[in-house]
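As C-alpha cells, the structure follows; a few thoughts come after it.
Excluded from the calculations below are hydrogen atoms, water molecules and symmetry mates; all remaining heavy atoms, backbone and side chain alike, are included.
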Amino acid sequence: MVPRVNIDQIEPATRDWICKVQIVEIGRPRESLDKKCTFQNLILEDEEECQIKAVMYSDEIKQYAATLKLLNTYLISTSKVKLSATSYGKPIHKFYWILDKETVIEQIKSSNEVEKALPPPTKLNITSFDRIPHLMVDSAVEIDILAFVLHCGPQKNAGRSHHRCREITLCDNQRNQFLFTLWEDFGEIEGLEISSKMTTEADLLVILGRSIGISTYQGLSLQTRYNSTVRVNPNYPQAVALINWAKENKTLLLRSPSENTSTSSSITPMIVTPAGQQVISIAEISSAPSMGVFYVEAEMAILDEFQDFCVLECSGCKQKKRTKDRKEFECPKCNRKTSLVPRCSFQIDLIDNTATTTASISAELGEKLLSMTAEDIFDRTCTNRQSLSLNHLHEMLSNKVFEIQLRKSSWGSSNTTNATLSILSYMEKQHTPQSTTDRTCKKIKPLEISEVEVMATTAAAGPSNAPAKFEPPTPAKKV
C-alpha cells in the first residue's frame with residue numbers, strides 16, 4: 001500500500017507516495033526567460049498548511065488545463081521533486097514539484113463521501129507596506145502583498161519602449177500607499193478586471209499579489225514580474241478583514257491623500273517621511289554601518305550647473321549607455337535590435353547643519369524638480385547643445401527644507417567599494433522657519449570600503465539588520 005504523507009516528508013529520494021493538497025494559487029502559462037519553453041506555476045498546500053511550488057511545462061499545461069483548478073483538492077502521487085533555486089529570494093519550500101505525464105493526479109470532488117476536500121486556505125506570507133523600504137530593493141527579491149485599490153489608471157505604453165502597462169494605487173490599513181505597475185498581460189487581464197469592478201461595485205477592491213517585484217526606477221514602487229499572480233478579492237480571512245476595514249473608512253480614504261505615500265509616474269512622486277521612521281543627519285549617513293533606506297531633513301541645491309541632466313538607456317532592459325547617439329543598436333542583454341531613450345538623471349546637493357553630500361535623482365522625480373520632460377532635456381542639452389537655465393529652480397529651492405528618503409547603495413571598482421546615495425522621494429517640510437544652514441559645510445566624499453562595512457556587490461546590498469519577512473498571524477483553520 002502506498003503511504004500517505006505530507007509535503008515536508010517528501011524529498012527527491014522519496015519513492016511511492018501520495019499527498020493530499022489543495023491548489024491555493026495558480027499562475028498563467030509563461031514563456032521562460034531564455035524562450036526555450038513554456039511553464040506554469042502553482043502553489044499547493046497540504047492538510048498541515050505546508051506549502052510548496054509545483055511547475056508544469058508545455059504539453060502538461062494543456063493536458064491538465066481542465067483538471068487543475070484554483071482551490072480544488074487533489075491526491076498527487078510521485079511527482080518529480082527538485083531543489084528550489086534561491087535567485088529570486090527565499091522560496092516557500094526547499095523543494096519544488098514537477099507535474100509531468102507520469103504524475104498521478106486524482107481530484108477529490110465535493111460529492112466524495114469518503115475523501116473530504118480541504119477547507120478554504122488561510123495561510124498567507126504577507127510583507128507589510130512599512131517594511132518594503134527596508135528590503136534589498138536593488139536585488140531580485142519578490143514579495144507577497146495584500147492591499148486595497150484606491151485608483152486604477154488606463155492601459156498605456158511605457159515611454160518609447162512600447163511595453164504596455166497599467167498603474168494602480170494600493171493602500172493598506174495604515175494608509176500607506178504604493179504605486180503598483182501591472183505590466184503587459186497583467187494590465188490587460190487583471191487590470192481590466194480591476195478597472196471594470198471599480199466602476200460597478202460600491203466597495204473598494206482588495207488584491208493579493210504574489211511574487212511581486214520592488215522597483216526604484218521611478219521612485220519606490222511595486223511591479224509585476226513574469227511569474228507574479230494577482231487575485232481580486234481573494235477568499236482569505238485577512239482579505240475579508242481588510243475589505244471590512246475599507247468599507248468603514250472609505251469616505252476618509254477617498255477624501256484626502258495619505259501622508260505615507262510612496263509613488264511614481266502618474267502620481268506626484270513625493271512622500272512625507274513615514275511616521276515612526278528615524279530622521280538622521282547627513283553626517284550620520286557616512287557612519288551608518290549598512291546599506292539601505294534612510295530619512296533626512298535637508299535643503300536641496302544644484303551646485304554643478306554644467307553636468308549632464310539626462311542619459312540614454314536601452315528601451316528594453318534600461319541599461320545606461322555612454323553615447324548621445326539615439327540610433328538603433330543590437331542590445332546584447334535584450335538580444336534584439338532596440339532604440340535608446342532619454343532618462344532624466346543628475347546630481348543634487350543635500351545640505352543640513354552637519355554636512356553637505358551629493359545624491360542622484362532620476363526619472364520623474366528629476367523631471368518634476370526641473371519642470372521638464374526627459375525628451376525636452378535631451379533636445380536642449382544634446383541635440384541643440386544648450387545649457388539648462390536653472391534660475392527658477394534655485395529660487396524655488398531657496399530657504400526650504402525637505403523631508404527626503406534616501407537609498408544608500410554600494411558599487412565596486414578594481415580596488416575599492418564605494419557607497420552612493422540616491423533620492424527615492426522628497427517633500428517640502430511644512431511650517432519650517434527660514435533656514436540658516438551653512439552652505440560652506442565640508443562636503444562628504446564618496447565612502448570607501450575602509451570607512452564603512454559594505455557588501456561585495458550592489459545586487460547583494462541591503463540592511464545587514466533587515467528584519468525577517470513579516471507574516472501576519474494565521475487564523476485557525478476550521479474543518
Item to check | Check: Glu193/Ser196 side-chain N/O donor and acceptor closer than 3.5 Å | outcome: no
Next on the checklist: Between Thr122 and Glu49, do the side chains contain a donor N or O and an acceptor N or O under 3.5 Å apart?
Outcome noted: yes
Next on the checklist: Other residues, nucleotides and ligands only: do more than 12 of their heavy atoms fall within 6.0 Å of NZ on Lys321?
Outcome noted: yes
Checklist entry - Are the charged groups of Lys123 and Glu45 less than 4.0 angstrom apart, N to O? => result no
Item to check | Salt bridge Glu190-Arg166, side-chain N to carboxylate O under 4.0 Å | outcome: no
Checklist entry - Is the closest basic N to carboxylate O distance between Arg30 and Asp185 below 4.0 Å? => result yes
Next on the checklist: Quick one about Ser425 and Gln405 (side-chain donor to acceptor, distance below 3.5 Å, no hydrogens or angles considered), yes or no?
Outcome noted: yes
Checklist entry - Side-chain donor-acceptor pair under 3.5 Å between Arg210 and Ser228, yes or no? => result no
Checklist entry - So among Leu44, Leu71, Asn72, which one has a side chain to side chain contact (heavy atoms under 4.5 Å, CB included) with Gln22? => result Leu71
Checklist entry - side chain to side chain contact (heavy atoms under 4.5 Å, CB included) with Ile212: which of Ile145, Ile132, Thr127? => result Ile145
Checklist entry - Looking at Leu369, Leu421, Thr358, which one forms a side chain to side chain contact (heavy atoms under 4.5 Å, CB included) with Ile348? => result Leu369
Item to check | Glu395, CD: over 12 other non-hydrogen atoms inside 6.0 angstrom | outcome: no
Item to check | Salt bridge flag under 4.0 Å for residues Lys400 and Glu299 | outcome: no
Checklist entry - Is the backbone of Gly27 close enough, under 3.5 Å, to the side chain of Gln40 for a donor and an acceptor to pair up by distance? => result yes
Checklist entry - Under 3.5 Å, is there a donor-acceptor pair linking the side chains of Gln51 and His93? => result no
Checklist entry - Under 30°, 30 to 60°, or over 60°: which ring-plane class applies to Trp183 and His163, parallel, tilted or perpendicular? => result perpendicular
